[in-house]
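Keep in mind the model is a prediction, meaning the values are calculated, not measured. Every chain is numbered from 1 and lettered A, B, ... according to where its sequence line falls, protein lines coming before strand lines.
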Amino acid sequence: MILHFRSLAKVYYFHVLPLDTRIISTLIPKYCFGYFSTSSTSAVEGASNASSDQAKKSVDFRRNQDADVVIAKVLAAKGENEVLQSLLHDSRCNKIQITLSLVNRLLHRFQDDWKSALGVFRWVKTFSDYKPLPELYDKLVDILGKMKQMEKMQALLEEMREDNLVSLNTIAKVMRRFCGAGDWKEAVKTFDELENFGLEKNTESMNILLDTLCKEQKLDSAREIFLELQSHIPPNAYTFNIFIHGWCKIKRVEEAHWTIQEMKGHGFRPCVISYSTIIQFYCSQSKFWRAFEMLDEMAAQGCPPNVVTYTTIMHSLTKSGDFKEALKISERMKLVGCKPDTLFYNALIHTLGRAGMVEEAIYVFRKEMPENNINPNTSTYNSMIAMFCHHRQEQRALEYLKNLENSPYCKPDVQSFYPLLKLYFQAKKIDKCMANLLDDVVNKHHLCLDLATFTLLIHGLCRADKCEWAYELFRSMISQSIEPRYLTCSLLLHEIRQKNMFDAAEVVEDFMKKMKKSS
DNA sequence: CTAGGGTTAG
């Protein structure tokens with residue numbers, strides 16, 4: 001259960017600075033606050049020359065400001081109608097040019113706040129020269145469904161139907177959300193009424209329904225519906241793979257094997273996905289001999305494993321601590337000429353890191369990957385950074401972080417910084433380095449801290465006898481609707497009581513009481 | 001519409 005504390009949030013939102021800056025100004029002690037970065041949020045996609053880079057940055061910056069103006073206005077209102085009215089009557093908001101990226105950003109910002117999302121959507125629709133794309137409707141449908149606002153979601157669906165905007169993608173989201181809310185019958189009903197939306201009941205839409213049911217572990221219902229529809233709608237190979245995955249998900253692997261037979265009975269050959277799904281299951285149970293048996297069976301069936309199959313096995317072996325076997329899988333894959341990809345290399349680097357083979361990991365990153373034309377992504381960099389931090393190599397970690405920041409292919413996320421922050425706590429370097437790093441996270445990269453990072457910081461600061469700072473972080477968490485763990489709260493409470501911060505203690509205590517009630 | 005990351009707490 002996520003707790004909302006909008007009233008508390010408002011306290012922070014009355015300055016004129018960009019929103020993200022306002023949040024972080026409560027995170028970092030004043031003396032650490034040397035500058036406000038003006039760099040933009042967006043990573044530059046692909047390589048580009050310096051001047052267009054500059055132009056893009058200034059456009060991005062203006063759009064960020066537009067978004068910030070709207071966000072601040074929305075946060076000051078409550079309820080979808082109040083949001084709409086306050087935006088309509090704001091002269092600055094009315095001058096803003098509505099663009100796809102702006103609306104996307106706003107809906108993303110309010111993806112956990114359906115009232116604001118709906119209010120914003122109503123507002124952008126009042127601009128006569130702006131027609132939201134169907135994808136934006138879909139996004140809103142998803143937000144409403146996620147927040148379990150089923151009546152609102154269906155009302156929007158009806159609105160879309162009248163304008164002929166419902167696609168299979170919309171229906172997929174609606175069915176997933178009904179199932180997620182525990183109402184699988186309503187999902188089936190949506191499928192039954194597919195023709196009302198101008199869509200067809202065919203193999204593709206049936207597969208979406210079955211996949212939805214299987215992912216929610218409603219295998220028996222899915223099975224029943226499948227048998228019922230079988231005489232009207234022919235299954236394809238996807239249909240059976242969906243069931244194989246579903247059975248594995250609820251750990252009934254016997255049925256998964258049985259589905260393979262059924263598939264053959266319908267004239268479909270089990271493919272690499274069918275087998276890899278079962279292999280993934282055995283790996284997750286650490287029954288590696290079973291996984292290897294499946295590899296033999298694949299060979300016998302003339303269905304060679306692919307990079308996904310190998311990555312799955314290697315990664316699971318690493319998780320169970322068998323680095324030697326994991327690296328053998330990597331060798332085996334290269335031996336048979338199967339081409340690696342980014343996810344494979346991420347897993348390999350992780351394995352090498354866990355095995356303490358730091359230099360080998362660097363070799364893979366700097367030599368092997370470029371030679372095979374595989375670009376690193378954010379996770380690749382994050383694995384390298386985490387590995388260096390694990391081995392107390394701060395300088396190398398910082399070097400890779402810098403490369404990540406300058407990469408044309410990807411940008412840092414919160415996870416990129418977590419290991420470094422942790423290292424600073426372990427090394428008791430809690431002053432300047434860490435404040436600078438945190439400043440980068442929020443002001444340079446416009447990232448929001450997540451639960452794990454907040455927890456790390458608050459625990460670390462409490463231990464380091466800096467609980468005023470920890471308390472500010474606690475308040476910031478609540479203002480962002482990120483619920484602290486109970487342990488975090490009690491740790492913080494203990495510290496601030498010792499410092500005689502009575503008002504703060506009361507705030508934390510009140511919060512803990514509400515936690516107990518809702519759990 | 002079908003298969004593959006991690007961070008984890010002291």
Side-chain angles (χ1 to χ4, degrees), chain A residues 167-169 171-173 175-176 191 202-215 233 235-249 256 259 263 268 270-284 291 294 298 303 305-319 329 333 338 340-351 353-354 376-387 389-390 413-423 425-426 449-460 462-463 485-488 491:
Chain A
S167 67
L168 203 51
N169 192 22
I171 295 296
K173 288 197 153 76
M175 293 197 302
R176 290 231 146 88
F191 177 77
N202 54 19
T203 307
E204 188 183 0
S205 50
M206 175 185 73
N207 283 348
I208 294 174
L209 174 65
L210 295 176
D211 188 47
T212 304
L213 293 167
C214 285
K215 293 236 163 84
I233 304 173
N236 60 10
Y238 284 24
T239 317
F240 295 102
N241 285 338
I242 287 166
F243 276 109
I244 291 170
H245 190 235
W247 289 123
C248 288
K249 196 178 160 81
T259 306
M263 194 173 179
F268 297 106
C271 68
V272 60
I273 295 179
S274 327
Y275 292 113
S276 299
T277 304
I278 297 180
I279 286 178
Q280 152 82 324
F281 168 79
Y282 285 133
C283 287
S284 72
M294 290 299 291
M298 288 173 80
C303 174
N306 65 12
V307 61
V308 178
T309 324
Y310 289 115
T311 305
T312 303
I313 301 174
M314 178 173 70
H315 180 241
S316 300
L317 284 165
T318 299
K319 259 208 292 211
I329 294 288
M333 182 178 108
C338 175
D341 63 6
T342 302
L343 251 51
F344 167 81
Y345 278 122
N346 290 353
L348 177 59
I349 286 172
H350 182 235
T351 302
R354 291 282 310 272
N377 63 16
T378 303
S379 291
T380 324
Y381 280 102
N382 289 358
S383 292
M384 294 297 287
I385 293 168
M387 175 183 71
C389 289
H390 187 77
D413 58 20
V414 237
Q415 282 80 18
S416 313
F417 295 88
Y418 184 95
L420 269 162
L421 291 169
K422 188 176 164 188
L423 186 61
F425 277 119
Q426 288 168 343
L449 302 186
D450 62 356
L451 175 65
T453 309
F454 270 122
T455 306
L456 173 76
L457 290 171
I458 293 177
H459 288 213
C462 281
R463 278 205 315 158
R485 292 185 190 151
Y486 195 81
L487 183 68
T488 307
L491 198 67

Note to self: From the set B:dG5, B:dA3, B:dT2, return the single nucleotide nearest to any side-chain atom of A:S379.
What the structure shows: B:dG5
Checklist line | Interatomic distance where CD1 belongs to A:I385 and C1' belongs to B:dG5 [whole Å] | finding: 15 Å
Check: How long is the line joining CG of A:L213 and P of B:dC1, in whole Å?
Finding: 16 Å
Note to self: Between the base of B:dA3 and the side chain of A:N241, is there a donor and acceptor pair under 3.5 angstrom?
What the structure shows: no
Check: Atom NE2 of A:H459 and atom P of B:dT8: how far apart are they, to the nearest Å?
Finding: 15 Å
Notebook entry, point to check: What nucleotide, of B:dC1, B:dA3, B:dG5, holds the atom closest to the side chain of A:N207?
Noted result: B:dC1
Next item on the list: Please identify each residue that fulfils side chain to side chain contact (heavy atoms under 4.5 Å, CB included) with A:A172, with sequence neighbours left out.
Entry: A:I208
Checklist line | Side chain of A:H245 - closest among B:dA3, B:dG5, B:dC1 | finding: B:dA3
Next item on the list: Applying side-chain contact (heavy atoms from CB on, under 4.5 Å), run through A:K215 and A:D211 and close with a yes or a no.
Entry: CA-CA 6 Å; A:K215 293 236 163 84; A:D211 188 47; 2.9 Å; yes
Notebook entry, point to check: What is the distance from CG of A:D450 to P of B:dT7, rounded to the nearest Å?
Noted result: 14 Å
Margin query: According to side chain to side chain contact (heavy atoms under 4.5 Å, CB included), who are the partners of A:P305, at least two apart in sequence or on a separate chain?
Written below: A:L295, A:M298, A:T309, A:Y310
Note to self: Can you tell me whether the side chain of A:Y418 and the base of B:dT7 have a donor-acceptor pair closer than 3.5 Å?
What the structure shows: no
Note to self: Is it the case that B:dG4 (base atoms only) and A:T311 (side chain only) share a donor and an acceptor within less than 3.5 Å, ignoring hydrogens and angles?
What the structure shows: yes
Check: Reckon A:T312 touches a base, only the sugar-phosphate, or nothing at all at heavy-atom distances under 4.0 Å?
Finding: sugar-phosphate
Item checked: Sub-4.0 Å heavy-atom contacts from residues 341-351 of chain A onto DNA chain B, ordered by number -> A:D341, A:L343, A:F344, A:N346, A:H350
